[in-house]
Amino acid sequence: MYDYSYCLNRDILCVDLKSFFASVSCIEKGLDPLTTKLAVVADTKRPGSVVLAATPPLKAIGIKTGSRLFEIPQRKDIYIINPSMKKYIQLSTQISKIALDYVAPEDFHQYSIDEFFMDVSESYHLFAHSPFSLAMQLQERIFNLVHIRSTIGIGSNLLLAKLSMDIDAKHTPLGISEWRYEDVPAKLWSIQPLREMWGINRRTEAKLNKKGIFTVGHLANYPVEYLKRDYGVIGVDLHLHANGIDESMIRQPHQAYDKSLGKSQILMRDYSMNELKTVLNEQVDEVYYRSRKLNLYPTRISVSVGYADMGGVRKQFTNKTGFMNTYVIVNLLWDYLSQRLEPDRLYRTITISFGKFIPNQIKQLSLFDDPFQVKTETIENHLDFIRMKYGKNIVMRGSSLLNSGTLRERKGLIAGHKA
DNA sequence: TCTGGGGTCCTAGGACCC
DNA sequence: TCTGGGGTCCTAGGACCC
């Protein structure tokens, strides 16, 4: 057993907006998310489309996030809806603003569109007699304003707050629960199966099961040196997390050393090898545009293409001085792909990613600069200007008008989902 | 009944340098 | 006729999160 008196002891709230997409879509239609069966799917017209969110009553009959549209029974009392990303973002922002009434911005961390953390250690006493009663207030204000229910986990660190929210709060009448270090043996260690625990999924669970580890308690009490030997730093993390230990602080976010920007698509149909180039072009244009908006150039770029059946090809390239225009990037990636891909096969997924960014510096033209490259950069800067002023899809390549182009259909989508 | 999209972090092993 | 050792950078690929 650890001596937790040496550990971080904060008052962290982890707030989760309940069935967020599905609840918002319900409310938009004037329905109650707690009694309506409604699913938000990526695209109602595609039977294989994934369920992005389901209301609690629909979950109760076995439909969950990640289910497929064709698994949902066709019944009059079940609503199937396309996403409204704009609305979701707008509400998410509105709710976060409420949270910021209770903490300074540096004590707030937006984890995803429907989840955020607050470190209320220094401020809860201004509003309530305990973190728990602050959580109740916050819940109520969110509900009164936008009619969205929320679940809140309270913990001595970020991990305990998150786990108490994930595991416990959802099943309590108030939707609030509090985990402190002394609760670790009773609450954390009983978690089973292992994949219920944040950071452990099927693969890791299977590996641990092979060692005879089936509960978080087993994991917490398994000799850490063996975990370290077999899983490296992840093994040590598993051990610490199983003991409820997590020293990260919202105020000191560790600088992500390897930020990346990317775009991945599952195509609307099978593509032949040559059609892929159009999509590659579109993706590179978009991600490069996003990079330049941040004033960054990638020094590492990668592409990954998936066959319609199984497997695929992936490749990464590095250029220490940075990739300076889309023309260079597309050619490099396509040269590689056209050699490696098999012309007779069909393709269904394509992903690109840029990373290891360097800041954009004022560049001096040298006598030896390739005049074509300089010209391409100038054109791109003008296009950027137009895109920033009129929207990023206002300009597209001629090739996007080909049948293989995806931009026209995707225009107006947010994160690939309907706006 | 094919397929969501955007991320982060870790490791093994090869290449290269001194 | 056996073969140093440490450091750094790079790519491929795995695993997980929402």
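All values below come from the heavy atoms of this structure, side chains included, with hydrogens, waters and symmetry mates left out. Lettering follows sequence order; numbering is per chain, from 1.
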**Request:** Measure from NZ or CZ of Arg290(A) to the centre of the six-membered ring of Tyr288(A), then state whether that distance is under 6.0 Å and the direction lies within 45° of the axis.
**Result:**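 Because its charged atom misses either the 6.0 Å distance or the 45° angle limit, Arg290(A) does not stack over Tyr288(A).
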**Which residue lies more 5' along DNA chain B, comparing Ala42(A) with Pro47(A) via nearest heavy atoms** =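 Its nearest nucleotide being more 5', the pick is Pro47(A).
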**Tyr307(A) or Ser353(A), whichever maps to the more 5' nucleotide of DNA chain B** =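 The residue closer to the strand's 5' end, by nearest nucleotide, is Tyr307(A).
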OP1, OP2 of [N] versus side-chain N and O of [X]: anything below 4.0 Å?
X	N	result
Arg269(A)	dC2(B)	no
Ser260(A)	dT8(B)	yes
Lys259(A)	dG7(B)	no

**Prompt:** If you check every side-chain atom of Asp270(A), which of dT1(B), dT3(B), dG7(B) has the closest atom?
**Reply:**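 Output: dT3(B).
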**Minimum-distance nucleotide to Arg348(A) side chain [options: dT3(B), dG4(B), dT8(B)]** =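 Selected nucleotide (nearest to the side chain): dT3(B).
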**Item:** Consecutive-pair stems (at least three Watson-Crick or G-U pairs, under 3.5 Å) that include DNA chain C
**Value:**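 When the pairs of DNA chain C are grouped into runs of at least three, the stems are B:5-18 with C:5-18.
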**Prompt:** Can we say Lys162(A) and Asp246(A) salt-bridge, meaning some charged N sits less than 4.0 Å from an Asp/Glu carboxylate O?
**Reply:**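 Salt bridge between Lys162(A) and Asp246(A), a charged N being under 4.0 Å from a carboxylate O: no.
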Using the 3.5 Å cut-off, write out each protein N or O paired with an N or O of nucleotides 11-18 of chain B and the distance between them.
from    : atom 1 : to        : atom 2 : distance (Å)
dT11(B) : OP1    : Val233(A) : N      : 2.9

**Request:** Check Trp198(A) against Leu163(A) and note the closest heavy-atom contact, atom names and distance.
**Result:**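 So the two residues come closest at N-CD2, 3.8 Å.
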**Asked** In residues 315-323 of chain A, which ones come under 4.0 Å of DNA chain C, going by heavy atoms?
**Response**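 Under 4.0 Å from DNA chain C: Lys315(A), Gln316(A), Phe317(A), Thr318(A), Lys320(A).
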**Asked** Rounding to the closest angstrom, what is the interatomic distance between dG4(C) and dC16(B) at atom C1'?
**Response**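 Nearest-Å result for dG4(C) against dC16(B) at atom C1': 15 Å.
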**Message:** So for atom CZ, which belongs to Arg202(A), do other residues, nucleotides or ligands contribute more than 12 heavy atoms lying within a distance under 6.0 Å?
**Reply:**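 Check fails, neighbour count at 12 or below.
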**Prompt:** Is it true that Phe117(A) and Phe108(A) have ring centroids separated by less than 6.0 Å?
**Reply:**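 When the ring centroids of Phe117(A) and Phe108(A) are compared, they turn out to be at least 6.0 Å apart.
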**Request:** State yes or no: are the ring centers of His239(A) and Tyr231(A) separated by less than 6.0 Å?
**Result:**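 Ring centroids of His239(A) and Tyr231(A) are no less than 6.0 Å from each other.
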**Asked** Phe354(A) CZ to dG6(B) P: how many Å, rounded?
**Response**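 Result: 13 Å.
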